[in-house]
Number of protein chains: 2
Amino acid sequence: MTAKPKILLAEDDENLGQLLHTYLQSKGYEVTLARNGKKAFQSFTAGNYTFCIFDVMMPEMDGFTLAKEIRELDKKIPILFLTAKAMKEDKLQGFAIGADDYLTKPFSMEELLARLEAILRRVEGPSKSADEQLMVGTIPYEPELRVLHLKDGSKKLTTKENQLLHLLVKNEREILDRQSTLRAIWGDDNYFNGRSMDVYIAKLRKLLKEDPSIEIMNIHGKGFKLIIK
Amino acid sequence: MTAKPKILLAEDDENLGQLLHTYLQSKGYEVTLARNGKKAFQSFTAGNYTFCIFDVMMPEMDGFTLAKEIRELDKKIPILFLTAKAMKEDKLQGFAIGADDYLTKPFSMEELLARLEAILRRVEGPSKSADEQLMVGTIPYEPELRVLHLKDGSKKLTTKENQLLHLLVKNEREILDRQSTLRAIWGDDNYFNGRSMDVYIAKLRKLLKEDPSIEIMNIHGKGFKLIIK
DNA sequence: ACTTAGGCTTAACGTTTTTTAACAGCGGAC
DNA sequence: GTCCGCTGTTAAAAAACGTTAAGCCTAAGT
């Protein structure tokens with residue numbers, strides 16, 4: 001329903017820029033990468049963006065100046081700044097311009113994504129990306145509705161089943177680290193929560209075995225990995 | 001066109017509080033003045049505000065804690081903080097919570113007004129605010145009047161039914177945290193209030209089942225989520 | 001004062017979801 | 001191969017939730 005959000009990314013460091021570009025694209029965003037503030041501004045005036053991510057330190061035009069110019073044109077577009085150091089002065093200046101959030105390097109991709117999505121939720125409000133339909137192998141899966149459409153009828157997933165499956169699917173073919181997962185879903189990674197997670201893995205395997213090409217593989221001592229053969 | 005914005009002002013200093021109250025009223029705003037964070041929170045849950053101005057230092061509950069509680073219930077309402085000193089730490093903490101602006105005492109009335117209106121422009125933009133008619137799926141709902149327009153006649157909601165439904169609707173597709181909700185509506189989150197809330201969820205489900213695309217989903221151990229399919 | 005009606009809470013019971021326990025099998029280190 | 005910690009699975013126990021109805025309080029009417 002809601003279109004793919006268009007992100008304007010301004011970052012002069014080639015490596016980081018490419019990395020972010022690729023990562024955000026892989027998460028379903030349309031991304032334009034600009035190597036300096038001037039180019040970013042040009043892109044902004046040309047395209048129709050829903051979100052900005054600006055490095056503070058850039059040649060030609062720094063992130064703050066860029067943001068100020070853009071604020072002139074769009075009072076509401078969310079802006080997230082990236083900066084090399086935890087410079088409080090900068091941080092304040094950023095917020096004064098109307099930043100929506102602020103990330104200090106180094107940061108993890110996940111953290112960036114989390115903040116980005118938090119802001120989008122806050123901004124887009126009710127009408128956010130909702131009814132996305134994913135596929136687990138040949139099985140349709142609607143994480144928002146917590147429903148798995150099996151051959152013999154739709155199965156409503158419980159909260160935990162859904163959280164775990166959603167994580168697996170979002171990280172298909174990647175290792176889902178045990179500890180992180182426990183902290184993400186159970187809030188704490190003690191022994192018992194670990195066993196609880198194993199129980200849920202077993203439940204999911206049972207549910208998904210109608211499609212034999214689906215495998216939830218255990219990586220001994222690390223975590224699990226969802227594989228579609 | 002747009003109704004008079006309702007401002008929630010939390011300020012423990014009698015003089016400043018009165019001054020601001022009078023000034024903002026004279027500028028056409030409807031203002032509620034609370035003398036401490038606790039009272040402010042109560043007022044917030046009772047009324048339907050469009051803007052918050054909180055003093056950071058207050059007895060009972062400080063401005064940040066207050067803001068955090070309120071952010072649980074309303075992700076988007078603008079919050080502007082007032083503080084005695086230019087404490088950068090505080091400033092950052094405030095923005096992290098989701099402050100929209102920040103004013104250091106002493107400040108001029110004009111400056112406050114300017115910032116306030118700048119934020120309102122930024123926020124109101126599209127066409128939000130006010131006490132109008134909402135839709136729950138296909139069912140018209142007027143929270144101010146506490147009326148739900150069902151197919152077979154209008155149903156007048158009780159206070160609690162209305163508070164809970166209103167919260168659910170304002171947070172559509174977001175988790176309504178059990179604890180925050182209990183504190184907001186029941187004032188305290190003990191076991192029995194929890195059960196009471198469950199009773200009201202059941203009531204609402206029954207009322208809303210005329211539209212099968214509406215679901216009040218339980219998030220086990222967390223709270224509830226209103227979903228329109 | 002007495003009664004009534006409405007609204008909220010408490011109780012009770014059934015159901016679902018999650019955790020804990022128990023035991024069997026596996027995997028890598030030695 | 002042997003040992004020990006990790007995983008797979010199932011079942012029982014515990015916690016959370018869903019629902020209905022009875023009880024309780026308060027405010028309004030008589």
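Reckoned from all heavy atoms, side chains included, excluding hydrogens, waters and symmetry mates. Proteins get letters first, then strands, A, B, ... in listed order; numbering begins at 1 in each. Worth saying up front: this structure is predicted, and the values here are computed from it rather than measured.
Here C:dT9 is the nucleotide among D:dA16, D:dT19, C:dT9 with the atom lying nearest to any side-chain atom of B:Asn193. Residue B:Val199 has its side chain nearest to D:dT19 when only D:dT19, D:dG5, C:dT19 are considered. Distance from the side chain of A:Thr159 is smallest for C:dT18 among the nucleotides C:dT19, D:dG5, C:dT18. Listed nucleotides D:dG5, C:dT9, C:dT19 differ in distance to A:Tyr200; the shortest reach to its side chain belongs to C:dT19.
No donor-acceptor pair closer than 3.5 Å links the side chain of A:Arg178 to the backbone N or O of A:Phe224.
Here C:dA22 presents its C1' atom at 10 Å from OH of A:Tyr191, a figure rounded to the nearest Å. For B:Lys225 and D:dC17, the NZ to P distance is 15 Å, given to the nearest whole Å. Atoms CG (B:Asp188) and C1' (C:dC8) sit 15 Å apart, rounded to a whole Å. Rounded to a whole Å, the CG atom of A:Leu204 is 16 Å from the P atom of D:dT7. Whole-Å rounding puts the B:Ile201 CD1 to D:dT20 P distance at 15 Å. Regarding B:Lys156, its NZ atom lies at a distance of 12 Å from the C1' atom of C:dG6, rounded to whole Å. Rounded to whole Å, the distance from CD1 on A:Ile185 to P on C:dT17 is 16 Å. Going from atom CZ of B:Phe192 over to atom C1' of C:dA12 covers 12 Å, rounded to whole Å.
Judged by a 6.0 Å distance limit and a 45° cone about the ring axis, B:Lys6 is positioned over the six-membered ring of B:Tyr49.
B:Phe224 comes within 4.0 angstrom of sugar-phosphate atoms only, judged by non-hydrogen atoms across all strands, and of no base. Nucleic acid contact class of B:Asp198 (heavy atoms, under 4.0 Å, all strands): base. At a threshold of 4.0 angstrom between heavy atoms, the contacts of A:Arg195 include nucleobase atoms, whether or not backbone atoms are also involved.
Taking 4.0 angstrom as the limit, A:Lys206 places a side-chain polar atom (N or O) nearer than this to OP1 or OP2 of D:dT10. Remark: A:Trp186 is not in phosphate contact with C:dT18, judged by side-chain N or O atoms under 4.0 Å from OP1 or OP2. Of the side-chain N and O atoms in B:Ser196, one or more sit less than 4.0 angstrom from OP1 or OP2 of C:dT9. Taking 4.0 angstrom as the limit, A:Thr158 places none of its side-chain polar atoms (N or O) nearer than this to OP1 or OP2 of C:dT16.
Nearest-nucleotide mapping onto DNA chain C: of B:Arg146 and B:His220, the residue sitting toward the 5' end is B:Arg146.
Taking the six-membered ring where the residue is Trp, the centroids of B:Tyr29 and B:Phe51 are separated by 6.0 Å or more.
B:Thr138 OG1 to B:His149 NE2: the interatomic distance, rounded to the nearest 0.5 Å, is 13.0 Å.
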Apply the test side-chain hydrogen bond (donor to acceptor under 3.5 Å, both in side chains) to residues B:Tyr23 and B:Gln18: give CA-CA distance (whole Å), side-chain angles for both, the deciding distance (0.1 Å), then the verdict.
-> CA-CA 8 Å; B:Tyr23 177 73; B:Gln18 272 308 323; over 6 Å; no
